[in-house]
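The block underneath contains the structure these notes are about, expressed in structure tokens.
Every number for a ligand or one of its atoms is a count from 1 in the order of the listing.
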Amino acid sequence: MEMEELCRELPKIELHAHLNGSVRDSTLLELAKVLGEQGAIDFSEVEGLIKRRGRSLKECFRLFDIYHKITTDHATVTRITQEVVEDFAAENVVYLELRTTPKQNKAKEMTKRSYVEAVIDGLTAVDSVEVAFLPSTVNARNLTNFLPNEVTYNQTQRKKIFVRLLLSIDRRETTAAAMETVNLALEMKDKGVIGIDLSGNPEVGEWQTFLPALQYAKQKGLQVTLHCGEVRNNREIHSMLDFYPQRIGHACYLEEEHWEKLKVSKIPVEICLTSNLRTERITSFKEHHFADLYKAKHPVSLCTDDVGLFSTTLSNEYYLAASTFEFNKEQVYQLSRNVIEFVFADDEVKRTLAEIYDAAERRFI
Ligand code: 6MZ
């Protein structure tokens, strides 16, 4: 089997995917057309932006504001969630941590809570694959459906995917708004919400604003992942590492002292190769800090960030790593399997994932 095909066929775990960045272009264009006809947006301008390939970091955040205009009503949030889960499952992602920023929108009678409920409706609405998003204790019976045997790879069977939700705090938010998101996550713990993410434009906002809510989240047993070092900001990177989150994303602009601290801490890093290249955080895949972390056996997981925005897939990210760093089949398999250790779900899910990987090893490696 060729490497590209192997990367697609192997089971994969996605830990860093933003809902609105993962929407299909075709869906965005369809929705934008309707809004254009209603006079709510200028369709040709939005179409141009969606189809354009250039994506500086600044442009990404301008685009997200446009995406949010297009997607922020309950029915659409449900639809995009359903499609995003289906797309990940179609490329053999067996565990997905999907993150999204709860939004309120008075005009749509949307509260942060009703937004998250619309996301959960999307998980329930998925039909083409079997979705397990509740904690194992709640849906233990369903877990047997995941037990891998050769049937797992029988194309006539419905595919299966674990999904867990992370609620994102946007760096534009106040301490009170961040706290509201954490409280919502706590209230929805038995509905598949498992943790908190800090994201948004890294040029905006102060660490101290979010710290009380993040500390509270941690204290209450929510898992926390932070966008860390997506831009140069030594003080913030230092404080983030001191906070000791369960994972960090990106880590593009760490200084030597941060690398040392990170490596001692063993905090897993969510690596987003294509995103970092397209937003000009790096100039080539070869020089990506993934190489150094991999060599140092530091915990890493390949992730997509925004499959829609950056026109990638998780299979493609594995293929990029394999072709850039000349990995063999075993190395690619192991890279993907190692991620089991860093998922936020409980041990029962981890055990099931290990069995899925055992079955894949027998079949592909
Ligand atoms: C930081 C990012 C991001 O939450 O509306 N987001 N934050 N860096 C990135 N690198 C490119 N990509 C996405 O999904 C979109 C939101 O996710 C965050 C931004 O806050 C963006 O508005 P949701 O589903």
Q.
Out of Thr101, Thr100, Leu63, who is nearest to atom 16 (C) of ligand 1 when you count heavy atoms only?
A. Thr101
Q | Proximal candidate to atom 17 (O) of ligand 1 [heavy atom criterion; set Glu173, Arg55, Arg99, His18] | A | His18
Quick one: nearest non-hydrogen protein atom to [atom], plus distance?
atom	result
atom 7 (N) of ligand 1	Gly200 N, 3.0 Å
atom 12 (N) of ligand 1	Asp306 OD2, 2.9 Å
atom 22 (O) of ligand 1	His68 CE1, 3.2 Å

Q) With Asp73, which residues qualify under salt bridge (charged side-chain N to carboxylate O under 4.0 Å, His left out), at least two apart? A) none
Q.
Measuring from non-hydrogen atoms of Lys103 to any atom of ligand 1, is the shortest distance under 4.0 Å?
A. yes
Q) Would you say Tyr67 touches ligand 1, if touching means a heavy atom closer than 4.0 Å? A) no
Q: Using a 4.0 Å heavy-atom cut-off, say whether Leu309 meets ligand 1 through its side chain, its backbone, both or neither.
A: neither
Below 4.0 angstrom from a heavy atom of [X], which ligand 1 atoms are there? Numbered from 1 as shown, please.
X	result
Asn20	5 (O), 14 (O), 15 (C), 23 (P), 24 (O)
Leu19	24 (O)
Phe64	6 (N), 12 (N), 13 (C), 15 (C), 21 (C), 22 (O)

Q. Would you say the side-chain atoms of Thr100 and Tyr115 include a donor-acceptor pair closer than 3.5 Å?
A. yes
Q. Have Thr225 and Glu270 got a donor and an acceptor in their side chains that come within less than 3.5 Å?
A. yes
**Q.** Close N or O approach (Asp305, ligand 1; < 3.5 Å)
**A.** yes
Q.
Under 3.5 Å between any N/O of Glu230 and any N/O of ligand 1: does that happen in this structure?
A. yes
(Q) For Phe290 and Phe285, I'd like to know if the aromatic rings sit close, meaning centre-to-centre distance below 6.0 Å. (A) no
Q | His250/His289 aromatic ring centres below 6.0 Å | A | no
Q: Taking the six-membered ring of Tyr67 (Phe, Tyr or Trp), confirm whether the NZ or CZ of Arg62 is under 6.0 Å from its centre and within 45° of its axis.
A: no
(Q) Contact between Ser336 and Tyr357 at the side-chain level, heavy atoms closer than 4.5 Å - yes or no? (A) yes
Q.
For Phe61 and Phe64, take the angle between the two ring planes, folded into 0 to 90°, and tell me which bin it lands in: parallel under 30, tilted 30 to 60, perpendicular over 60.
A. tilted
Q: Take Glu361 and Lys329 through the test salt bridge (charged side-chain N to carboxylate O under 4.0 Å, His left out) and record every step on the way to the result.
A: CA-CA 10 Å; Glu361 186 175 14; Lys329 274 161 93 176; over 6 Å; no
